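Encoded as C-alpha coordinates, the structure appears first; notes follow it.
Please read these numbers as outputs of a predicted model, since none were measured by experiment.
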There are 2 protein chains.
Amino acid sequence: MVVEGIRSLLMNEKDIELIGSASNAGSCLAFLKNRQPDVLLLDINLPDRNGIDLCKEIRLKYPVIFILGLSTFNQASYIHEMMSNGASGYVLKNATQKELIEAIHLASAGKTYMAFEVAKTLHTAEQQKQSDIILGRREKEILELIKYGFTNNEMAAELGISINTVDTYRKSLLSKFKAKNTADLIRLALIHKIISIE
Amino acid sequence: MVVEGIRSLLMNEKDIELIGSASNAGSCLAFLKNRQPDVLLLDINLPDRNGIDLCKEIRLKYPVIFILGLSTFNQASYIHEMMSNGASGYVLKNATQKELIEAIHLASAGKTYMAFEVAKTLHTAEQQKQSDIILGRREKEILELIKYGFTNNEMAAELGISINTVDTYRKSLLSKFKAKNTADLIRLALIHKIISIE
DNA sequence: TTACCGACCCCCTTTTTACGGGATTGCCTG
DNA sequence: CAGGCAATCCCGTAAAAAGGGGGTCGGTAA
(Lines give C-alpha, C1' and ligand atoms only; values in the text may rest on other atoms or scores of the structure.)
Protein backbone atom coordinates (compact mmCIF):
# COMPACT_ATOMS: atom_id res chain seq x y z
CA MET A 1 0.00 0.00 0.00
CA VAL A 2 2.63 2.49 0.94
CA VAL A 3 4.69 1.73 -2.12
CA GLU A 4 1.60 2.17 -4.27
CA GLY A 5 0.89 5.45 -2.54
CA ILE A 6 4.34 6.80 -3.20
CA ARG A 7 4.20 5.66 -6.80
CA SER A 8 1.00 7.52 -7.39
CA LEU A 9 2.22 10.63 -5.60
CA LEU A 10 5.30 10.77 -7.81
CA MET A 11 3.73 9.63 -11.06
CA ASN A 12 3.11 13.06 -12.49
CA GLU A 13 6.38 14.65 -11.43
CA LYS A 14 8.39 15.16 -14.58
CA ASP A 15 11.78 15.52 -12.89
CA ILE A 16 11.35 12.51 -10.64
CA GLU A 17 11.61 9.03 -12.01
CA LEU A 18 10.78 6.02 -9.89
CA ILE A 19 13.27 3.39 -10.97
CA GLY A 20 12.18 0.64 -8.64
CA SER A 21 10.91 -0.49 -5.30
CA ALA A 22 11.64 -3.33 -2.92
CA SER A 23 9.62 -4.77 -0.11
CA ASN A 24 12.50 -5.87 2.04
CA ALA A 25 16.15 -5.16 2.74
CA GLY A 26 17.44 -8.15 0.82
CA SER A 27 15.77 -7.31 -2.46
CA CYS A 28 16.68 -3.67 -1.99
CA LEU A 29 20.39 -4.49 -1.77
CA ALA A 30 20.07 -6.84 -4.74
CA PHE A 31 18.45 -4.06 -6.75
CA LEU A 32 21.17 -1.59 -5.85
CA LYS A 33 23.82 -3.88 -7.30
CA ASN A 34 22.41 -3.19 -10.75
CA ARG A 35 21.03 0.32 -10.51
CA GLN A 36 21.47 3.17 -8.07
CA PRO A 37 18.93 5.93 -7.63
CA ASP A 38 19.87 9.48 -6.71
CA VAL A 39 17.51 9.35 -3.78
CA LEU A 40 16.32 6.32 -1.89
CA LEU A 41 13.21 6.29 0.29
CA LEU A 42 13.92 3.85 3.08
CA ASP A 43 11.30 2.57 5.46
CA ILE A 44 12.51 2.09 9.02
CA ASN A 45 10.33 -0.92 9.64
CA LEU A 46 11.41 -3.65 7.29
CA PRO A 47 10.38 -7.27 7.54
CA ASP A 48 13.85 -8.77 7.34
CA ARG A 49 16.06 -6.25 9.05
CA ASN A 50 16.40 -2.91 10.70
CA GLY A 51 16.04 0.11 8.41
CA ILE A 52 18.51 2.11 10.44
CA ASP A 53 21.29 -0.42 9.99
CA LEU A 54 20.44 -0.76 6.34
CA CYS A 55 20.73 3.00 5.95
CA LYS A 56 24.25 2.88 7.34
CA GLU A 57 25.23 0.01 5.08
CA ILE A 58 23.87 1.64 1.94
CA ARG A 59 25.59 4.93 2.75
CA LEU A 60 28.88 3.05 3.10
CA LYS A 61 28.50 1.01 -0.07
CA TYR A 62 26.93 3.72 -2.21
CA PRO A 63 27.92 7.11 -0.81
CA VAL A 64 26.38 8.73 -3.87
CA ILE A 65 22.83 7.74 -2.91
CA PHE A 66 20.96 10.15 -0.68
CA ILE A 67 18.62 8.41 1.70
CA LEU A 68 15.32 9.68 3.02
CA GLY A 69 14.05 7.89 6.12
CA LEU A 70 10.40 6.93 5.90
CA SER A 71 8.26 5.97 8.83
CA THR A 72 4.85 6.21 10.42
CA PHE A 73 6.54 7.19 13.65
CA ASN A 74 7.31 10.74 14.53
CA GLN A 75 9.60 9.53 17.26
CA ALA A 76 12.77 11.31 18.27
CA SER A 77 14.88 8.21 18.74
CA TYR A 78 14.12 6.92 15.25
CA ILE A 79 14.73 10.23 13.57
CA HIS A 80 17.91 10.76 15.47
CA GLU A 81 19.34 7.36 14.70
CA MET A 82 18.40 7.63 11.05
CA MET A 83 20.04 11.01 10.64
CA SER A 84 23.18 9.97 12.47
CA ASN A 85 23.44 7.00 10.12
CA GLY A 86 23.65 9.28 7.14
CA ALA A 87 20.07 9.95 6.10
CA SER A 88 19.32 13.20 4.27
CA GLY A 89 15.91 13.60 5.80
CA TYR A 90 12.98 11.98 7.43
CA VAL A 91 9.54 11.80 5.88
CA LEU A 92 6.43 10.66 7.70
CA LYS A 93 4.04 8.31 5.95
CA ASN A 94 1.28 10.83 6.30
CA ALA A 95 3.32 13.45 4.47
CA THR A 96 1.63 15.38 1.70
CA GLN A 97 2.63 15.08 -1.93
CA LYS A 98 4.23 18.53 -1.70
CA GLU A 99 6.33 17.55 1.28
CA LEU A 100 7.47 14.31 -0.29
CA ILE A 101 8.51 15.98 -3.52
CA GLU A 102 10.26 18.79 -1.69
CA ALA A 103 12.14 16.25 0.41
CA ILE A 104 13.27 14.35 -2.70
CA HIS A 105 14.38 17.51 -4.49
CA LEU A 106 16.35 18.73 -1.49
CA ALA A 107 17.91 15.33 -0.92
CA SER A 108 19.01 14.98 -4.54
CA ALA A 109 20.68 18.38 -4.23
CA GLY A 110 22.58 17.09 -1.22
CA LYS A 111 20.56 19.13 1.23
CA THR A 112 18.58 18.01 4.21
CA TYR A 113 14.83 17.90 4.50
CA MET A 114 12.95 17.86 7.74
CA ALA A 115 9.23 18.41 8.04
CA PHE A 116 8.17 20.94 10.62
CA GLU A 117 6.45 18.30 12.75
CA VAL A 118 9.53 16.14 12.72
CA ALA A 119 11.87 18.98 13.60
CA LYS A 120 9.58 19.91 16.44
CA THR A 121 9.60 16.39 17.82
CA LEU A 122 13.37 16.34 17.71
CA HIS A 123 13.57 19.67 19.41
CA THR A 124 11.25 18.92 22.29
CA ALA A 125 12.95 15.57 22.80
CA GLU A 126 16.24 17.38 23.02
CA GLN A 127 14.85 19.77 25.60
CA GLN A 128 13.49 17.01 27.77
CA LYS A 129 16.56 14.89 27.60
CA GLN A 130 18.90 17.73 28.60
CA SER A 131 21.31 15.50 30.46
CA ASP A 132 22.02 12.10 29.09
CA ILE A 133 22.24 9.69 31.94
CA ILE A 134 25.29 7.49 31.83
CA LEU A 135 25.26 4.33 33.84
CA GLY A 136 28.10 1.99 34.69
CA ARG A 137 27.95 -1.72 33.94
CA ARG A 138 26.79 -2.65 37.42
CA GLU A 139 24.25 0.11 37.59
CA LYS A 140 22.63 -1.16 34.40
CA GLU A 141 22.55 -4.69 35.76
CA ILE A 142 20.99 -3.59 39.03
CA LEU A 143 18.43 -1.46 37.22
CA GLU A 144 17.48 -4.37 35.03
CA LEU A 145 17.00 -6.61 38.05
CA ILE A 146 15.02 -3.96 39.95
CA LYS A 147 12.69 -3.83 36.96
CA TYR A 148 11.89 -7.50 37.44
CA GLY A 149 11.12 -6.95 41.12
CA PHE A 150 14.26 -8.37 42.68
CA THR A 151 15.00 -7.16 46.19
CA ASN A 152 18.45 -5.96 47.24
CA ASN A 153 19.05 -9.27 48.95
CA GLU A 154 18.18 -11.29 45.89
CA MET A 155 20.30 -9.12 43.65
CA ALA A 156 23.26 -9.45 45.99
CA ALA A 157 22.93 -13.23 45.85
CA GLU A 158 22.38 -13.21 42.09
CA LEU A 159 25.42 -11.08 41.36
CA GLY A 160 27.58 -12.46 44.13
CA ILE A 161 28.18 -9.11 45.75
CA SER A 162 27.30 -7.58 49.10
CA ILE A 163 23.87 -6.19 49.82
CA ASN A 164 25.58 -2.97 50.80
CA THR A 165 27.06 -2.72 47.35
CA VAL A 166 23.68 -3.30 45.76
CA ASP A 167 22.29 -0.62 48.01
CA THR A 168 25.00 1.78 46.93
CA TYR A 169 24.13 1.24 43.27
CA ARG A 170 20.49 1.69 44.00
CA LYS A 171 21.18 4.99 45.68
CA SER A 172 23.35 6.00 42.79
CA LEU A 173 20.55 5.19 40.34
CA LEU A 174 18.03 7.20 42.32
CA SER A 175 20.35 10.15 42.38
CA LYS A 176 21.33 9.96 38.70
CA PHE A 177 17.70 9.83 37.62
CA LYS A 178 16.62 12.28 40.31
CA ALA A 179 13.99 9.70 41.22
CA LYS A 180 12.02 9.77 44.45
CA ASN A 181 11.73 6.01 44.76
CA THR A 182 11.66 2.75 42.86
CA ALA A 183 8.48 3.39 40.91
CA ASP A 184 9.73 6.76 39.83
CA LEU A 185 13.05 5.22 38.88
CA ILE A 186 11.42 2.69 36.58
CA ARG A 187 9.32 5.39 34.95
CA LEU A 188 12.28 7.70 34.38
CA ALA A 189 14.50 4.90 33.14
CA LEU A 190 11.80 4.04 30.61
CA ILE A 191 11.46 7.65 29.51
CA HIS A 192 15.21 7.88 29.05
CA LYS A 193 15.07 4.57 27.20
CA ILE A 194 17.66 3.02 29.48
CA ILE A 195 15.37 0.07 30.01
CA SER A 196 12.40 -1.20 28.08
CA ILE A 197 9.28 -3.25 28.51
CA GLU A 198 9.15 -6.21 26.17
CA MET B 1 0.29 7.86 0.79
CA VAL B 2 -1.80 5.08 2.19
CA VAL B 3 -4.95 6.38 0.57
CA GLU B 4 -3.13 6.56 -2.74
CA GLY B 5 -1.90 3.02 -2.23
CA ILE B 6 -5.36 1.67 -1.61
CA ARG B 7 -6.75 3.57 -4.56
CA SER B 8 -4.21 2.06 -6.88
CA LEU B 9 -4.69 -1.44 -5.47
CA LEU B 10 -8.42 -1.25 -6.09
CA MET B 11 -8.36 0.64 -9.37
CA ASN B 12 -8.64 -2.39 -11.61
CA GLU B 13 -11.19 -4.30 -9.59
CA LYS B 14 -14.39 -4.23 -11.57
CA ASP B 15 -16.71 -5.12 -8.70
CA ILE B 16 -15.20 -2.66 -6.25
CA GLU B 17 -15.88 1.02 -6.60
CA LEU B 18 -14.04 3.52 -4.45
CA ILE B 19 -16.63 6.20 -3.75
CA GLY B 20 -14.51 8.43 -1.59
CA SER B 21 -11.83 8.90 1.00
CA ALA B 22 -11.33 11.11 4.01
CA SER B 23 -8.18 12.04 5.87
CA ASN B 24 -9.78 12.48 9.26
CA ALA B 25 -12.79 11.46 11.33
CA GLY B 26 -14.65 14.74 10.86
CA SER B 27 -14.64 14.70 7.09
CA CYS B 28 -15.41 10.99 7.11
CA LEU B 29 -18.61 11.54 9.10
CA ALA B 30 -19.49 14.48 6.88
CA PHE B 31 -19.06 12.29 3.82
CA LEU B 32 -21.23 9.53 5.27
CA LYS B 33 -24.13 11.95 5.66
CA ASN B 34 -24.41 12.08 1.89
CA ARG B 35 -23.26 8.68 0.75
CA GLN B 36 -22.70 5.34 2.45
CA PRO B 37 -20.37 2.70 1.10
CA ASP B 38 -20.97 -1.01 1.55
CA VAL B 39 -17.56 -1.39 3.10
CA LEU B 40 -15.52 1.23 4.88
CA LEU B 41 -11.78 0.96 5.41
CA LEU B 42 -11.06 2.70 8.67
CA ASP B 43 -7.60 3.58 9.88
CA ILE B 44 -7.10 3.23 13.61
CA ASN B 45 -4.72 6.14 13.84
CA LEU B 46 -6.59 9.25 12.88
CA PRO B 47 -5.39 12.78 13.41
CA ASP B 48 -8.52 14.12 15.08
CA ARG B 49 -9.88 11.18 17.02
CA ASN B 50 -9.63 7.55 17.90
CA GLY B 51 -10.43 5.12 15.08
CA ILE B 52 -11.84 2.60 17.50
CA ASP B 53 -14.43 5.00 18.88
CA LEU B 54 -15.25 6.16 15.40
CA CYS B 55 -15.87 2.56 14.38
CA LYS B 56 -18.41 2.20 17.16
CA GLU B 57 -20.15 5.44 16.22
CA ILE B 58 -20.38 4.59 12.54
CA ARG B 59 -21.73 1.12 13.29
CA LEU B 60 -24.44 2.70 15.44
CA LYS B 61 -25.37 5.40 12.96
CA TYR B 62 -25.04 3.28 9.82
CA PRO B 63 -25.47 -0.38 10.76
CA VAL B 64 -25.51 -1.22 7.07
CA ILE B 65 -21.87 -0.29 6.56
CA PHE B 66 -19.32 -3.01 7.15
CA ILE B 67 -16.10 -1.70 8.56
CA LEU B 68 -12.62 -3.05 7.99
CA GLY B 69 -10.02 -1.88 10.51
CA LEU B 70 -6.82 -0.71 8.92
CA SER B 71 -3.55 -0.28 10.73
CA THR B 72 0.18 -0.68 10.56
CA PHE B 73 0.06 -2.40 13.89
CA ASN B 74 -0.41 -6.09 14.24
CA GLN B 75 -1.21 -5.58 17.89
CA ALA B 76 -3.68 -7.68 19.78
CA SER B 77 -5.23 -4.88 21.80
CA TYR B 78 -6.05 -2.85 18.69
CA ILE B 79 -7.47 -5.76 16.79
CA HIS B 80 -9.51 -6.86 19.73
CA GLU B 81 -10.99 -3.45 20.42
CA MET B 82 -11.77 -2.89 16.78
CA MET B 83 -13.56 -6.19 16.42
CA SER B 84 -15.52 -5.74 19.63
CA ASN B 85 -16.64 -2.37 18.34
CA GLY B 86 -18.24 -3.96 15.35
CA ALA B 87 -15.54 -4.20 12.71
CA SER B 88 -15.83 -6.94 10.11
CA GLY B 89 -12.12 -7.48 9.82
CA TYR B 90 -8.69 -6.11 10.31
CA VAL B 91 -6.29 -5.42 7.48
CA LEU B 92 -2.65 -4.56 7.92
CA LYS B 93 -1.17 -1.76 5.86
CA ASN B 94 1.36 -4.15 4.43
CA ALA B 95 -1.41 -6.41 3.16
CA THR B 96 -1.19 -7.63 -0.41
CA GLN B 97 -3.68 -6.61 -3.07
CA LYS B 98 -5.17 -10.09 -2.92
CA GLU B 99 -5.71 -9.88 0.82
CA LEU B 100 -7.27 -6.45 0.66
CA ILE B 101 -9.70 -7.44 -2.06
CA GLU B 102 -10.60 -10.66 -0.31
CA ALA B 103 -11.25 -8.74 2.89
CA ILE B 104 -13.53 -6.28 1.09
CA HIS B 105 -15.47 -9.03 -0.65
CA LEU B 106 -15.98 -10.96 2.56
CA ALA B 107 -16.96 -7.85 4.47
CA SER B 108 -19.52 -6.79 1.88
CA ALA B 109 -21.03 -10.26 2.15
CA GLY B 110 -21.36 -9.76 5.90
CA LYS B 111 -18.56 -12.13 6.70
CA THR B 112 -15.41 -11.60 8.69
CA TYR B 113 -11.94 -11.37 7.30
CA MET B 114 -8.83 -11.93 9.29
CA ALA B 115 -5.38 -12.33 7.81
CA PHE B 116 -3.40 -15.28 9.04
CA GLU B 117 -0.81 -13.06 10.68
CA VAL B 118 -3.47 -11.09 12.49
CA ALA B 119 -5.30 -14.16 13.69
CA LYS B 120 -2.03 -15.56 14.96
CA THR B 121 -1.29 -12.41 16.91
CA LEU B 122 -4.70 -12.51 18.49
CA HIS B 123 -4.26 -16.11 19.38
CA THR B 124 -0.87 -15.81 21.02
CA ALA B 125 -2.01 -12.70 22.86
CA GLU B 126 -4.94 -14.63 24.18
CA GLN B 127 -2.64 -17.33 25.43
CA GLN B 128 -0.37 -14.88 27.18
CA LYS B 129 -3.05 -12.70 28.61
CA GLN B 130 -5.09 -15.50 30.16
CA SER B 131 -6.59 -13.20 32.76
CA ASP B 132 -7.61 -9.67 31.98
CA ILE B 133 -6.91 -7.50 34.95
CA ILE B 134 -9.81 -5.30 35.93
CA LEU B 135 -9.18 -2.39 38.23
CA GLY B 136 -11.62 -0.22 40.12
CA ARG B 137 -11.59 3.57 39.83
CA ARG B 138 -9.53 4.04 42.97
CA GLU B 139 -7.09 1.31 42.07
CA LYS B 140 -6.40 3.00 38.76
CA GLU B 141 -5.88 6.33 40.48
CA ILE B 142 -3.50 4.85 43.02
CA LEU B 143 -1.59 3.00 40.33
CA GLU B 144 -1.23 6.19 38.35
CA LEU B 145 0.10 8.03 41.39
CA ILE B 146 2.47 5.22 42.31
CA LYS B 147 3.90 5.49 38.80
CA TYR B 148 4.87 9.08 39.52
CA GLY B 149 6.61 8.10 42.73
CA PHE B 150 4.05 9.25 45.29
CA THR B 151 4.26 7.55 48.68
CA ASN B 152 1.21 6.20 50.46
CA ASN B 153 1.19 9.23 52.72
CA GLU B 154 1.24 11.64 49.80
CA MET B 155 -1.47 9.75 47.97
CA ALA B 156 -3.67 9.72 51.07
CA ALA B 157 -3.31 13.49 51.34
CA GLU B 158 -3.83 13.98 47.62
CA LEU B 159 -6.99 11.90 47.47
CA GLY B 160 -8.29 12.88 50.89
CA ILE B 161 -8.49 9.31 52.15
CA SER B 162 -6.75 7.40 54.90
CA ILE B 163 -3.27 5.96 54.44
CA ASN B 164 -4.76 2.62 55.40
CA THR B 165 -7.10 2.81 52.49
CA VAL B 166 -4.25 3.61 50.15
CA ASP B 167 -2.39 0.65 51.57
CA THR B 168 -5.37 -1.58 50.93
CA TYR B 169 -5.48 -0.55 47.27
CA ARG B 170 -1.78 -1.06 46.98
CA LYS B 171 -2.13 -4.59 48.35
CA SER B 172 -4.97 -5.20 45.98
CA LEU B 173 -2.90 -4.01 43.02
CA LEU B 174 0.03 -6.22 43.98
CA SER B 175 -2.25 -9.20 44.27
CA LYS B 176 -4.18 -8.57 41.05
CA PHE B 177 -0.99 -8.22 39.05
CA LYS B 178 0.75 -10.95 41.04
CA ALA B 179 3.57 -8.47 41.50
CA LYS B 180 6.35 -8.94 44.02
CA ASN B 181 6.78 -5.26 44.74
CA THR B 182 6.39 -1.77 43.33
CA ALA B 183 8.91 -2.09 40.53
CA ASP B 184 7.34 -5.33 39.39
CA LEU B 185 3.91 -3.74 39.59
CA ILE B 186 4.91 -0.92 37.29
CA ARG B 187 6.41 -3.34 34.82
CA LEU B 188 3.38 -5.62 34.78
CA ALA B 189 0.96 -2.70 34.55
CA LEU B 190 2.87 -1.50 31.51
CA ILE B 191 2.83 -4.94 29.92
CA HIS B 192 -0.91 -5.16 30.47
CA LYS B 193 -1.22 -1.64 29.08
CA ILE B 194 -3.06 -0.45 32.17
CA ILE B 195 -0.65 2.45 32.42
CA SER B 196 1.69 4.00 29.91
CA ILE B 197 4.83 6.03 29.73
CA GLU B 198 4.36 9.26 27.88
C1' DT C 1 51.53 12.31 39.54
C1' DT C 2 47.48 13.72 41.27
C1' DA C 3 42.80 13.44 40.84
C1' DC C 4 38.79 11.36 39.38
C1' DC C 5 35.75 7.48 38.84
C1' DG C 6 33.77 2.94 38.88
C1' DA C 7 33.35 -1.14 41.38
C1' DC C 8 33.35 -2.73 45.64
C1' DC C 9 32.29 -2.86 50.81
C1' DC C 10 30.40 -1.30 55.62
C1' DC C 11 27.12 0.97 59.30
C1' DC C 12 23.23 3.49 61.05
C1' DT C 13 18.46 5.68 61.12
C1' DT C 14 14.06 6.64 59.40
C1' DT C 15 10.54 5.99 56.21
C1' DT C 16 7.96 3.22 53.33
C1' DT C 17 6.25 -1.15 51.76
C1' DA C 18 4.71 -5.76 52.22
C1' DC C 19 1.70 -8.79 54.19
C1' DG C 20 -1.30 -10.81 57.65
C1' DG C 21 -5.38 -10.06 59.77
C1' DG C 22 -9.75 -7.65 60.49
C1' DA C 23 -14.30 -4.21 59.74
C1' DT C 24 -18.22 -1.11 57.75
C1' DT C 25 -21.08 1.04 54.31
C1' DG C 26 -23.76 1.21 50.18
C1' DC C 27 -24.94 -0.11 45.71
C1' DC C 28 -26.29 -3.36 42.29
C1' DT C 29 -27.98 -7.79 40.70
C1' DG C 30 -29.75 -12.36 40.60
C1' DC D 1 -33.78 -10.22 49.93
C1' DA D 2 -29.18 -12.16 49.96
C1' DG D 3 -24.72 -12.06 48.16
C1' DG D 4 -21.11 -9.86 45.79
C1' DC D 5 -18.18 -6.18 45.36
C1' DA D 6 -16.13 -1.55 45.45
C1' DA D 7 -14.83 1.76 48.55
C1' DT D 8 -13.64 2.94 52.90
C1' DC D 9 -11.08 2.37 57.38
C1' DC D 10 -8.08 0.08 61.19
C1' DC D 11 -4.19 -2.77 63.50
C1' DG D 12 -0.29 -5.12 63.84
C1' DT D 13 4.79 -6.95 62.38
C1' DA D 14 8.53 -7.65 59.35
C1' DA D 15 11.04 -6.53 55.49
C1' DA D 16 12.74 -3.37 52.27
C1' DA D 17 14.14 0.90 50.65
C1' DA D 18 15.69 5.64 51.28
C1' DG D 19 19.10 8.55 52.82
C1' DG D 20 22.93 9.80 55.49
C1' DG D 21 27.72 8.77 56.52
C1' DG D 22 32.18 6.27 55.83
C1' DG D 23 35.97 3.49 53.32
C1' DT D 24 39.55 0.54 49.67
C1' DC D 25 41.45 -0.49 45.24
C1' DG D 26 42.74 -0.08 40.52
C1' DG D 27 42.66 2.12 36.15
C1' DT D 28 42.97 6.20 33.34
C1' DA D 29 43.10 10.77 31.89
C1' DA D 30 44.52 15.54 32.68
Within-4.5 Å side-chain heavy-atom neighbours: [X] and [Y]:
X	Y	result
Asp15(A)	Glu13(A)	yes
Ile58(A)	Cys28(A)	yes
Leu32(A)	Tyr62(A)	yes

Rounded to whole Å, how long is the line connecting atom [atom1] of [X] with atom [atom2] of [N]?
X	N	atom1	atom2	value
Lys180(A)	dT14(C)	NZ	C1'	17 Å
Leu143(B)	dA7(D)	CG	P	14 Å
Ile163(A)	dA18(D)	CD1	P	12 Å
Ile186(B)	dT17(C)	CD1	P	11 Å
Leu135(B)	dA7(D)	CG	C1'	14 Å
Ile142(B)	dT17(C)	CD1	P	11 Å
Leu173(A)	dA18(D)	CG	P	10 Å
Glu141(A)	dC8(C)	CD	C1'	13 Å

With respect to the side chain of [X], which nucleotide from [options] is positioned closest?
X	options	value
Leu174(A)	dG19(D), dT8(D), dC10(C)	dG19(D)
Asp167(B)	dG21(D), dA17(D), dA18(C)	dA18(C)
Asn181(A)	dT8(D), dA18(D), dA18(C)	dA18(D)

Strictly below 4.0 Å: does [X] bring a side-chain N or O up to OP1 or OP2 of [N]?
X	N	result
Tyr169(B)	dT8(D)	yes
Arg138(A)	dG6(C)	no
Thr165(A)	dA7(C)	no
Asn164(B)	dC10(D)	yes

Salt bridge flag under 4.0 Å for residues [X] and [Y]:
X	Y	value
Glu154(B)	Lys180(A)	yes
Lys176(B)	Glu139(B)	yes
Arg137(A)	Glu141(A)	yes

At 10 degrees resolution, what angle do the end axes of the helix from dT1(C)-dA30(D) to dG30(C)-dC1(D) form when each is taken over five base pairs? 50°
On DNA chain D, nearest-nucleotide positions of Arg137(B) versus Lys171(B): which is more 5'?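 Here Arg137(B) is the residue nearer the 5' end.
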Indicate, with a heavy-atom threshold strictly under 4.0 Å, whether [X] touches base, sugar-phosphate, or nothing.
X	value
Thr151(B)	sugar-phosphate
Thr168(A)	base
Ser162(B)	sugar-phosphate

Indicate whether any N or O donor in one side chain lies under 3.5 Å from an N or O acceptor in the other, for Ser162(B) and Asn164(B).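 Present: a donor and an acceptor within the cut-off.
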Nearest 0.5 angstrom please: Leu173(B) CG to Leu143(B) CG, how far?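 It comes to 5.5 Å.
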Does Asn181(B) reach the main-chain N or O of Gly149(A) with its side chain, forming a donor-acceptor pair under 3.5 Å?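 Here the side-chain-to-backbone pair exists.
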Partner set under side chain to side chain contact (heavy atoms under 4.5 Å, CB included) for Ala179(B), not counting sequence neighbours: Leu174(B), Phe177(B), Asp184(B), Leu185(B), Leu188(B)
Within residues 152-161 of chain B, which residues have any heavy atom lying less than 4.0 Å from an atom of DNA chain C? Asn152(B), Asn153(B)
